[in-house]
Amino acid sequence: MQRLTLTRPDDWHLHLRDGAAMWDVVPHTVRQFGRAIVMPNLKPPIATVADALVYRSRILEARPAGTAFEPLMTLYLTDSTPPDEIRRVAEEPNVAALKLYPAGATTHSEAGVRRLEGIYPVLEAMERHGVPLLVHGEVTDPDVDIFDREKVFIDRHLAGIAARFPELRIVLEHVTTRDGVQFVRDSGPRIGATLTAHHLLYNRNALLAGGVRPHFYCLPVLKRESHRFALLEAATSGNPKFFLGTDSAPHPRTQKESACGCAGCYTAHAAIELYAEAFEAAGALDKLEAFASFHGADFYRLPRNRERIVLERSEWKVPERLPFGDAELIPVKAGETLHWRLVEPT
Ligand code: NCD
Ligand code: ZN
């Protein structure tokens with residue numbers, strides 16, 4: 001196969017940041033995706049519909065002229081989110097969901113939820129209004145090994161929330177383990193999961209073998225090969241519960257290459273091409289379109305995109321570094337060759 005035509009895909013989990021740096025990353029996403037679920041973990045977090053709409057207008061300003069990219073906003077759930085805010089979310093089509101970060105689980109999660117029981121009234125309102133809950137599914141207890149944090153979160157918290165709120169639609173974001181895949185697969189249709197390109201392409205050796213490689217450090221952290229294999233199986237299975245979410249999370253190079261490097265891998269520069277590499281390696285390119293362009297839209301009850309994009313088999317070299325405001329950014333596969341290239345929409 002030399003050319004691959006796909007319905008324009010969407011990115012159901014993305015970090016765009018803000019200010020000048022955002023202007024450098026937005027065009028990468030816009031080039032390939034029709035819509036993106038934009039994460040609210042700014043400093044301070046996007047916690048109200050009003051904040052989200054102002055942030056959205058800044059994103060639209062950074063959108064290259066003549067493009068139709070649509071940012072779908074999310075609110076950051078805190079211990080003090082008022083249940084009343086959920087009605088405003090339900091009434092605002094540009095705000096699609098709320099994001100649950102357990103406090104301390106990842107980048108800019110300090111304002112996250114400390115006591116899950118405390119947010120039950122908000123979850124009840126979300127269930128009633130049909131607003132999806134997006135979950136960073138990791139516990140933060142210091143006695144739980146970082147490689148086990150997803151499984152323990154599911155066992156201790158997520159399974160209970162899913163049972164207590166049987167109509168609540170939940171996305172287990174950036175699922176990274178066989179256990180996570182199993183949980184989603186065994187749950188009803190209201191529970192889905194996003195999968196990143198980097199978790200489909202790499203296991204934890206990329207991070208730790210032959211030296212510490214901070215550009216592969218993200219959360220949830222890369223896992224062992226058997227987990228990567230389970231993710232690839234889920235992504236290529238055709239099961240509509242699994243869909244594309246890059247979790248592309250840019251950080252300045254110096255903050256990654258540091259004694260305490262930030263978590264986040266940058267993949268927006270070549271996201272659909274990276275997924276194509278992963279699907280091709282699994283012999284499942286024919287499953288890419290549904291995963292990238294149908295399942296997420298269906299889960300969010302939004303229309304599928306109508307335009308198309310075309311990928312062509314041709315080798316190209318990913319830049320060594322990219323501009324990022326007044327800093328620079330090291331993308332995944334920096335300086336390496338990719339085998340699929342997005343050519344303009346037909
Ligand atoms: C994300 C970020 O940098 O905002 N980092 C990451 O490693 N994925 C936060 C997140 O989604 O966990
Ligand atoms: Zn993320």
Side-chain angles (χ1 to χ4, degrees), residues 10-19 21-22 24-26 28-29 33 36-46 55 59 71-77 96-113 132-140 146-147 149-150 153 171-177 180 192-202 204 206-207 212-223 231 243-258 260-268 271 274 296 324-325 327 329-332:
D10 302 300
D11 184 350
W12 300 101
H13 184 130
L14 175 67
H15 300 270
L16 287 175
R17 313 307 188 202
D18 208 345
M22 174 175 76
D24 284 324
V25 297
V26 164
H28 295 161
T29 289
F33 295 111
I37 287 277
V38 179
M39 288 296 136
N41 62 332
L42 301 186
K43 266 188 149 170
I46 301 296
Y55 180 32
I59 296 169
L72 298 167
M73 310 311 292
T74 58
L75 304 191
Y76 190 119
L77 250 172
L98 279 87
K99 177 70 186 280
L100 166 60
Y101 291 103
T106 186
T107 308
H108 301 166
S109 62
E110 305 76 19
V113 172
L133 173 71
L134 315 185
V135 180
H136 184 109
E138 290 193 289
V139 294
T140 55
I146 191 161
F147 292 101
R149 289 180 169 192
E150 183 171 287
F153 183 88
V171 182
L172 178 56
E173 297 292 334
H174 39 52
V175 61
T176 61
T177 58
T194 51
L195 289 147
T196 79
H198 47 288
H199 289 98
L200 294 177
L201 287 166
Y202 298 102
R204 64 196 194 182
L207 174 66
V212 175
R213 296 170 202 277
H215 296 292
F216 284 111
Y217 176 58
C218 63
L219 289 170
V221 73
L222 293 172
K223 301 297 190 302
L231 303 182
F243 41 92
L244 185 158
T246 61
D247 194 20
S248 179
H251 290 277
R253 180 178 65 78
T254 51
Q255 288 182 31
K256 297 281 297 170
E257 298 172 9
S258 146
C260 183
C262 300
C265 292
Y266 189 70
T267 53
L274 291 166
F324 189 52
L329 175 62
I330 307 297
V332 164

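All ligand and atom numbering here is 1-based and tracks the order in the structure. These figures come from a predicted structure and were not determined experimentally. Numbering starts at 1 and runs along the sequence shown.
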> Which residue, L134, V171, T194, forms the side chain to side chain contact (heavy atoms under 4.5 Å, CB included) with W12?
Replying inline: T194
>> Looking at non-hydrogen atoms alone, which of N41, L219, L14, T246 comes nearest to atom 4 (O) of ligand 1?
In response: N41
>> Using a 4.0 Å cutoff against the non-hydrogen atoms of A249, which atoms of ligand 1 qualify?
In response: 1 (C), 2 (C), 3 (O), 5 (N)
> Which one holds for H251 and ligand 1: side chain close, backbone close, both close, or neither close, with close meaning a heavy atom under 4.0 Å?
Replying inline: side chain
> Are side-chain N/O atoms of K223 and T176 paired as donor and acceptor at under 3.5 Å?
Replying inline: yes
> Which ligand 1 atoms does G264 reach within 4.0 Å, using its non-hydrogen atoms?
Replying inline: 5 (N), 6 (C), 7 (O)
> Can you list the ligand 1 atoms lying under 4.0 Å from a non-hydrogen atom of H136?
Replying inline: 12 (O)
> Do the side-chain N and O atoms of H136 and E138 include a donor-acceptor pair separated by under 3.5 angstrom?
Replying inline: yes
> For the Zn ion (ligand 2), which N, O or S atom of H13 is at the shortest distance?
Replying inline: NE2
> Would you say E173 reaches the Zn ion (ligand 2) with an N/O/S atom under 2.8 Å?
Replying inline: no
> Backbone or side chain, does H174 get an N/O/S atom under 2.8 Å to the Zn ion (ligand 2)?
Replying inline: no
> Can you tell me the angle formed at the Zn ion (ligand 2) by NE2 of H15 and OD1 of D247, to 10°?
Replying inline: 90°
> Should the ring pair H174 and H13 be called parallel, tilted or perpendicular, given that the plane angle runs from 0 to 90° and is split at 30 and 60?
Replying inline: tilted
> Do you know which two heavy atoms are closest between A268 and S248, and how far apart they sit?
Replying inline: N-OG, 3.0 Å
>> How close do F33 and T246 get, counting heavy atoms only, and between which atoms?
In response: CZ-CG2, 4.2 Å
> Is it the side chain, the backbone, both or neither of H13 that has a heavy atom closer than 4.0 Å to ligand 1?
Replying inline: side chain
> For ligand 1, which atoms, with element, lie under 4.0 Å from some heavy atom of H174?
Replying inline: 11 (O)
